[in-house]
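The block underneath contains the structure these notes are about, expressed in structure tokens.
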Amino acid sequence: MSKSINRREFLKRGSALLAAGSLPLSLVEVAFGQNSPENFTFAYVSDSHITHVKGKDFVRNWDRGLIHAIAETNLLDPRPDFVFYGGDIAQLGKREEIDHGLEILSGLRGDVHYVMGEHDYYLDLGDYWRKQLGPDHYSFDNKGVHFVVLNSVLTYDDWVNRWGGPMERMLQMARLDNPQGSPFMVGEAQREWLRKDLDKVDKKTPVVVLSHSPLQKIYKCWNFWTDDAEQVQALLKPFDKVSVLYGHVHQIQYNQIGNISFNSAMATAWPWPYPSSYKQAASYLPKLTVEMNRADPFFERDATGWQFINVHTGNVDAHYLLPDNQNRVVAYDRKAGHPVDTKFQPAENRIPPQTHY
Amino acid sequence: MKTITQTYLLLAASAALVAGAASADPFTQADLDRWKAEYMTSVEKGEKLFHGGLKSKNTVSCDQCHPNATNIHPETYPKFQQQLGKVAVLGEMINWCIMNPLESDPLALDDPDMVDLQSYIHWERRGVPLAPGKH
Ligand SMILES: [Fe+2]
Ligand SMILES: [Fe+2]
């Protein structure tokens with residue numbers, strides 16, 4: 001098991017180090033045979049929603065969340081192999097927002113791989129994002145693990161073409177609880193690309209998939225959902241170990257479906273309520289998930305954060321680093337065969353803030 | 001309020017005049033329909049204010065953090081808010097969110113916008129039992 005230092009300790013040392021010029025900080029002790037090729041860490045930052053107000057003004061709160069996450073990420077030691085950005089850099093897909101977000105993100109030490117979010121996509125269907133960052137679906141290998149990035153926020157053409165203009169479309173998709181919304185999907189072309197990509201990969205190779213939306217169905221009305229999730233899961237089924245990491249939900253979720261483990265990312269911008277707290281509709285939060293603490297509105301960074309991922313022998317442990325809140329570690333439990341919260345999984349260990357209603 | 005009082009007066013008067021008539025309902029289906037329609041109009045206005053219609057100096061809107069007005073728990077008010085140091089009504093916490101995440105000016109507690117916001121927030125929460133003071 002890796003061990004994360006407690007929050008207060010981290011902040012104390014972290015801010016002292018920041019002031020002293022960013023000396024490395026030991027956040028994680030990777031204890032699973034450091035020499036094994038499949039053991040490494042990467043950082044995972046998501047959902048910053050950088051928002052342009054006017055002129056040179058951006059929403060301060062969202063800027064601060066991203067800056068905070070980057071400052072902490074830069075303190076990781078051992079250095080992570082790379083960083084993933086999980087999508088939704090921007091709020092309304094504007095160039096100003098993507099540029100401003102990437103300017104802040106340029107402070108990250110190390111390589112960053114980007115995932116497309118719907119807030120990056122629906123203004124110009126991803127043109128500016130791709131111009132700055134390259135293709136929205138790709139794969140690469142790292143130390144014996146095969147990584148795949150998908151653009152899972154596509155939707156049906158008739159919806160895409162229904163609106164008066166790009167900004168109207170963007171605003172429609174940006175509204176989470178929009179009754180006129182449309183479900184996300186990976187789509188046939190990308191699924192075919194994925195099938196071919198995975199064809200070349202040995203079935204014993206651990207696979208880690210990054211998408212913006214969950215590649216599982218949780219709650220359609222807020223798009224905690226991917227319409228062709230089952231078809232994508234079917235392509236991943238032949239592999240021994242698969243982990244799916246997704247953003248979009250701005251909250252802690254984890255699940256196991258067959259051979260596939262799922263872990264979500266927190267947002268750096270703001271947290272979302274769990275769908276079960278909406279009393280007029282049914283939703284399906286994975287049973288395994290122990291909910292994150294309810295946010296205290298008086299602390300603007302509460303229930304926001306970022307994560308680092310410890311990959312050991314092909315499984316994934318997610319460390320959630322949450323300013324103004326308790327850090328959480330959701331680790332893959334080999335015996336149980338699914339992710340567990342290392343502290344709160346037993347019902348009797350849960351605390352009142354984890355009760356959402 | 002005025003309409004209701006007038007209706008009662010009228011009914012009382014007619015009941016007194018027509019002695020022996022079966023006791024009439026104090027309001028009609030048409031009244032009920034109109035009152036419901038008035039309320040739903042307020043809900044609709046509130047829904048728009050909640051989703052970006054409210055003047056917001058930094059463009060941030062309520063629905064960004066409270067989709068379908070979740071995590072507002074109107075049924076728990078009034079309740080003690082530690083950071084305000086007192087038992088507060090729903091409108092005071094609405095104003096807190098207007099002043100902080102929205103970086104905007106608070107509404108008077110009887111501002112029509114404040115009323116419409118609460119109509120919408122309560123409507124999304126209909127059916128949930130009252131739980132005053134709950135956290
Ligand atoms: Fe997001
Ligand atoms: Fe998203």
Side-chain angles (χ1 to χ4, degrees), chain A residues 47 49-54 57-63 88 91-92 94 97 119 171-172 174-181 219 221-224 249-251 267 269-281 283 291-292 294-300 302-304 352-353 355-357, chain B residues 43-44 46-53 55-76 79-86 88 90 92-104 120-131 133-135:
Chain A
D47 291 271
H49 292 264
I50 298 300
T51 303
H52 185 223
V53 181
K54 61 175 185 302
D57 282 354
F58 292 85
V59 172
R60 182 196 48 79
N61 192 349
W62 316 152
D63 278 13
D88 289 350
Q91 172 65 9
L92 296 176
K94 293 157 78 172
E97 294 174 344
H119 288 262
L171 288 166
Q172 291 291 337
R175 175 178 166 180
L176 192 74
D177 61 8
N178 190 356
Q180 332 247 39
Y219 183 50
C221 296
W222 295 354
N223 253 333
F224 289 9
V249 296
H250 298 206
Q251 63 189 225
W270 69 80
W272 267 328
Y274 284 92
S276 59
S277 51
Y278 185 44
K279 295 305 174 199
Q280 317 303 335
S283 56
E291 297 177 339
M292 68 180 180
R294 269 174 55 207
D296 183 336
F298 294 89
F299 296 92
E300 69 182 16
D302 198 15
T304 70
T355 306
H356 291 245
Y357 64 96
Chain B
V43 169
E44 275 160 37
E47 198 244 11
K48 292 207 171 72
L49 293 166
F50 198 86
H51 292 83
K55 264 218 163 53
S56 167
K57 288 186 180 163
N58 65 2
T59 78
V60 173
S61 59
C62 311
D63 62 304
Q64 274 177 253
C65 301
H66 298 287
N68 292 111
T70 45
N71 266 10
I72 292 189
H73 309 120
E75 77 281 9
T76 64
K79 76 176 169 201
F80 183 69
Q81 285 289 0
Q82 197 180 340
Q83 285 83 351
L84 301 178
K86 61 167 185 173
L90 183 65
E92 290 173 283
M93 275 309 286
I94 290 177
N95 272 335
W96 197 91
C97 275
I98 290 176
M99 289 187 281
N100 291 278
L102 274 65
E103 301 180 87
S104 299
Y120 169 67
I121 288 168
H122 281 273
W123 177 247
E124 286 283 39
R125 198 67 174 166
R126 65 197 180 276
V128 176
L130 284 176
K134 177 175 172 179
H135 270 276

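In what follows, chains are A, B, ... by sequence order, proteins preceding strands, each numbered from 1. Worth saying up front: this structure is predicted, and the values here are computed from it rather than measured. For the numbers below, each heavy atom of this structure counts, side chains included, while hydrogens, waters and symmetry mates do not.
- When E300(A), H49(A), Q280(A), R294(A) are compared by the number of non-hydrogen pairs under 4.5 Å with chain B, Q280(A) comes out ahead.
- Only the side chain of E103(B) comes within contact range of chain A, with heavy atoms under 4.5 Å apart.
- To the nearest 0.5 Å, the span separating CG on N58(B) from NE2 on H52(A) amounts to 12.5 Å.
- In this structure the side chain of K279(A) reaches within 4.5 angstrom of the side chain of R125(B), judged on heavy atoms.
- Interface check for chain B: of the options N61(A), V59(A), L176(A), the most heavy-atom pairs under 4.5 Å are formed by V59(A).
- Contacts of P275(A) with chain B are absent, with no heavy-atom separation under 4.5 Å from either backbone or side chain.
- When heavy atoms are compared at a cutoff of 4.5 Å, Q64(B) approaches chain A by way of both its backbone and its side chain.
- Proximity to chain B (any heavy atom under 4.5 Å) is shown, for F58(A), by neither the backbone nor the side chain.
- With a 4.5 angstrom heavy-atom cutoff, D57(A) does not touch chain B via any of its atoms.
- The parts of N68(B) that come within reach of chain A are both its backbone and its side chain, each placing non-hydrogen atoms under 4.5 angstrom from that chain.
- For CD of Q82(B), the number of neighbouring non-hydrogen atoms (other residues, nucleotides, ligands) closer than 6.0 Å is 12 at most.
- Between atom CH2 of residue W123(B) and atom CD of residue E47(B) there is a gap of 12.5 Å, rounded to the nearest 0.5 Å.
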Q: Please lay out, stage by stage, how Y120(B) and K48(B) fare under the test side-chain contact (heavy atoms from CB on, under 4.5 Å).
A: CA-CA 9 Å; Y120(B) 169 67; K48(B) 292 207 171 72; over 6 Å; no
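- Here the NE2 atom belonging to H73(B) is positioned 11.0 Å from the NE2 atom belonging to H135(B), to the nearest 0.5 angstrom.
- For chain A, the nearby part of K57(B) is the backbone; its heavy atoms alone come within less than 4.5 Å.
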Q. Could you go step by step and tell me if N178(A) and Q172(A) meet the side-chain contact (heavy atoms from CB on, under 4.5 Å) rule?
A. CA-CA 7 Å; N178(A) 190 356; Q172(A) 291 291 337; 2.6 Å; yes
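- Heavy-atom distances place the side chain of T51(A), and not its backbone, under 4.5 Å from chain B.
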